[in-house]
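What follows is a short report on a single structure.
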Amino acid sequence: MEELAVRGAAAAPPVGAGHNWPRNDGVDLDLGWVLDQRVNLSAAERRVATLPGRRTVKKDAQAAWLLKAVTCIDLTTLNGDDTTERVKRLCAKARHPIRPDLLDALGMGDRDITTGAVCVYHRFVSTAVEALEGSGIPVAAVSTGFPAGLVPHDIKLREIEASVADGAREIDIVITREHVLTGNWQALYDEMRDFRAACGDAHVKAILATGDLKTLRNVARASLVSMMAGADFIKTSTGKEGVNATLLVTLVMLRMIRAYQERTGIKVGYKPAGGISAAKDVLNYQFLMKEELGREWLEPDLFRIGASSLLADIERQLEHHVSGAYSALNRHPIG
Amino acid sequence: MSVARFFDEMSYGPAPEADTEARQWLARHDGEFGHFINGAFVAAASGKTFDSFEPATGALIARVALGGSEDVNAAVLAARKAQAPWAKLPGHARARHLYALARMIQRHARLIAVVEALDNGKPIRETRDIDIPLAARHFYHHAGWAQLQETEFADHVPVGVVGQVIPWNFPFLMLAWKVAPALALGNTVILKPAEFTPLTALLFAELASAAGLSPGVLNVVTGEGETGALIVEHEDIDKIAFTGSTEVGRLIREKTAGSGKSLTLELGGKSPFIVFDDADIDAAVEGVVDAIWFNQGQVCCAGSRLLVQEGVAPLFHERLKRRMATLRVGHPLDKAIDMAAIVAPVQLQRIETLVAKGVSEGASMHQPRIELPKGGSFYPPTLLTDVQPTSVVATEEIFGPVAVSMTFRTPEEAIQLANHSRYGLAASVWSETIGLALHVAAKLAAGVVWVNATNLFDASSGFGGKRESGFGREGGKEGCYEYLKPKAWLGRKLRPEPVRAAPRPAAGDFGLPALDRTAKLFIGGKQARPDGNYSRPILSPKGKPIGDVGEGNRKDIRNAVVAARAASAWGSATAHNRAQILYYIAENLSARAAEFADRIVAMTGASAAGAKAEIEASIARLFSYGAWADKYEGTVHQPPLRGVALAMPEPQGVVGVICPPEAPLLGFISLVAPLIAVGNRVIAVPSEPHPLAATDFYSVLETSDVPAGVVNIVTGSAMELARTLAAHNDVDALWAFGSSELSTLVERLSTGNLKRTFVDYGKATDWMDRSAAEGPAFLRRAVDVKNIWIPYGE
């Protein structure tokens, strides 16, 4: 039974991180397209529910997929009690997320495995930039009155500019949920356009706060408007809503990314955030990315995972893969 | 492959489900299985066996007993012996047995799932996540019906000994669908699994025995088609339940004709999958995966005929092709695949041949560039576009992973294309507009309709087809009746031979002659001369001529069917409207009660009191069906999903009725009234010896606002007219009451379009007895239940 004749889609050519996909400059707001979006909840649930039965990875493949997930993590701390030392500790973990002996055992000792980014509030951007210097790891700043996004618009723009000035290469903005809930797509588009412009060369991730939007139709429409207005990534949540990332909203957002690419040729990235804390969960997100969007979306330039405790579980799983014995949290450096 | 290579490629590695326990089970039996009869495995009396192979590798998996007549006899004997004590158990005791079987399935779920995947070649995901859990659910659900039988089915008794012949595409699930209701309701079973996939039935029998099921209650006889034929033709079997091809279903109908065996047939399909331009297109694309690439498309209700609204067809096909490229085909025990093996090389060849034919007829074929495992029977997911309705792939069931796609312009055209098929099993409708989706669902000729979903099954909701997809339902309360018969019919006796008086010439005298009344036929709301323009004399019991009626022939039946078909609005009239008309018929009959009573006395020699009683009973019966018309309702099933399944009784359509010779008015009304109450249109052949009550009835119909074509009356020879009606492919059902020869003829000739038949095998019904001659037992046969699944949510 070891060597099953398993065949799937003809293997895509190896794709590494760091391509230069053209940036999404956005398109004019197309209200007809926005309002055309329909999402059938039961059908979406069925797709998500059956996926884990259709795709799985075991042994070496699983270890590889988990390592890949590590490279996509936006290692995050977004707490009221954050301090510079706390942020520095996190940055150190971002540089060395996996114990070197484990990487060696996996035959991956020669690879530069780091997380995808470190994600902090504006106050700690400069600390993180300094701590990560030379690593190539970008710093992402949550912005625009995160998490509720209800500060004045001009202050939001100034917050973005300040973070960019401090060295943030990625800005995670929050949209004004009211615009979605009241169907004010023009306002959402205009707001997002301004955010994008304020970011300059920094990439912008649009946080939709899907837990606040409630319906999948809202999620689909907000995704599309954000992309039309130039979002480089669309992101589920702040981590502070009642419900954060789920496979269900992921499915809807990925399909919107695909529809946007169908029409514009532009690849937009995706970032689920909040609630992904187990290795087996992140695999399902990866399967969904690969199945719905394709191989390219498994790399950090198109896929990020906003998480704080996920890494620790992946470390344990990898040690288990290497040693055959179940691991414990305290065997891996804290982040 | 190394971690590094997986890291670069991000491909899925092998993810095999272990087969250790399954192999151990096979080894414990030395790879050889006998029949399971009377609680034990026994070798075939002939000593013959046949080989069963693993579709994925072609390797021999087991040798299995080849059932011959001695084996079938032994199984029937065991089942017969067990039936009375099994039926006599309190419902609660049988409920405990079924509950134990459900628990047993759950305890051994993985073993069953793995054996099933090996034997059938389908993915372990499907056996593990769908087939086996649904089977367990079926036993739980029917444990409940056993528990409730005494109260819910108090006026019914079990059918008796049941022969069940099941297919290879869902070996274990079909076992559950057949065995659970049969046993729950007090029947005993001889089950024949398909020759390609006998193993899980044997495993089930073994485990069931260990779980305490009494010997003889469930018997498994393995074998090929011949074995199935032995079961079908066995004299001591009371019912046959068959799932399989329409071709074999026809043969079974023919072989059992006149035997008195009750029959359910769940046959083929070419089910439409309709995508409107306001659908969630991605959901619909994923729906296709579940429709036609589920179980390699070897699904009787597979959504194999895609009908896509023209405006969205390019986008839909583009996304579907993209999705096809991500499908993975692999070994059944691989946990990271979408499709596995076709059940046998012969089926693979059939698929290849049909697809080649479709391409030669102009279809464009798309197959994704994915690799298939070497060895074994594998076929890639396939989409045929540019398919015209004239192509063989548009009409024939391919029974493989092949979807054919056509476009439509309007909802009406979608319905027309969808219904333009000899089949009528299932359908799937994709639209986010509730009004549109439900409108179309209601109009589709199918036993099951899924709205924005496909291939959903549950024990609570009946499954089964219309037209050549067979008859009978499995699951739900509607399915229970297939394993029961009315108590009120138990005492029926064979009808005595009719006594025909020798004709005596009418003696003329010189008084004022009676005014001649020539009874014509009644077709399309008009009195019509018979096509042949011959008449037949109607005699009193003493041989005195009392009138002539038209000698209806084939062409009169043809004309009547055309008229009935044209009166389809009756089926969609409101139930209140139909009720009003039935009451009105009763009112108008009542006004002429004395005249009708005299006629009955003259025709039958009944006493005046007897004739009056028949008229009063007729009026009451019309009232009963007027009452039922807006009360014979469907139910809302509660399958485990956020949504509902509406079980809607629908008229069967155009129904022929051969009225019994006795009770010339009451017999006619007892059969015609339930049919029209629920929306059918009828071609009635009145009592052959005493037709004048029915011909007198024309004017009652005419004065009662019955729309033209709803009731058509053709007088003449019951056998001859039944012959034409039974063979008529635009007649949906035929009810025939009369001689046993009539019953045999009707059942035997009904196979052309597999019309539903309701016959009495020559046994007389006491039409005055309401419990035997009126009510739901008749209404159930006047409708097909359509289950419309409506998941909801936003």
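Lettering follows sequence order; numbering is per chain, from 1. Because the structure is predicted, anything quoted here is derived from the model rather than measured.
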Item to check | Portion of Ile790(B) that has a non-hydrogen atom of chain A nearer than 4.5 angstrom | outcome: neither
Checklist entry - Are the side chain of His366(B) and the backbone of Leu383(B) linked by a donor-acceptor contact shorter than 3.5 Å? => result no
Checklist entry - Should the pair Trp450(B) and Phe457(B) be assigned to parallel (<30°), tilted (30 to 60°) or perpendicular (>60°) ring geometry? => result perpendicular
Next on the checklist: Counting only non-hydrogen atoms closer than 4.5 Å, does Glu45(A) touch chain B with its backbone (N, CA, C, O), its side chain (CB onward), both, or neither?
Outcome noted: side chain
Checklist outcome for this item: If one checks every heavy atom of Val57(A) against chain B at 4.5 Å, the contacting part turns out to be side chain
Next on the checklist: Under 6.0 Å from the ring centre and within 45 degrees of the ring axis: does the NZ or CZ of Arg304(A) meet both conditions for the six-membered ring of Tyr270(A)?
Outcome noted: no
Item to check | Contact class of Ala453(B) relative to chain A, heavy atoms under 4.5 angstrom | outcome: neither
Checklist outcome for this item: Okay, Ala220(A) and chain B: the region with an atom under 4.5 Å from a heavy atom over there is neither
Next on the checklist: Do the side chains of Arg54(A) and Asp334(B) get close enough for a salt bridge, i.e. N-O under 4.0 angstrom?
Outcome noted: no
Item to check | Toward chain A, the part of Ile281(B) with a non-hydrogen atom under 4.5 Å | outcome: neither
Next on the checklist: Report which part of Leu298(A) has an atom under 4.5 Å of a heavy atom belonging to chain B: side chain, backbone, both, or neither.
Outcome noted: side chain
Next on the checklist: Given heavy-atom pairs under 4.5 angstrom as the criterion, report whether the side chain, backbone, both or neither of Gln62(A) touches chain B.
Outcome noted: neither
Checklist entry - Is the cationic atom of Lys290(A) (NZ for Lys, CZ for Arg) positioned less than 6.0 Å from the six-membered ring centroid of Tyr12(B) and within 45 degrees of its normal? => result yes
Item to check | Heavy-atom proximity to chain A below 4.5 Å, by part of Glu794(B) | outcome: both
Checklist outcome for this item: If one checks every heavy atom of Arg5(B) against chain A at 4.5 Å, the contacting part turns out to be neither
Checklist entry - Do the non-hydrogen side-chain atoms of Pro640(B) and Asp458(B) ever get within less than 4.5 Å of each other? => result yes
Checklist entry - If only atom types and distance count, is the side chain of Glu126(B) paired as donor or acceptor with the main-chain N or O of Lys122(B) below 3.5 Å? => result no
Checklist entry - Given a strict heavy-atom distance threshold of 4.5 Å, which part of Asn452(B) is in contact with chain A: side chain, backbone, both, or neither? => result both
Checklist entry - Tell me, side chain or backbone of Ile113(A) under 4.5 Å from chain B's heavy atoms, or both, or neither? => result side chain
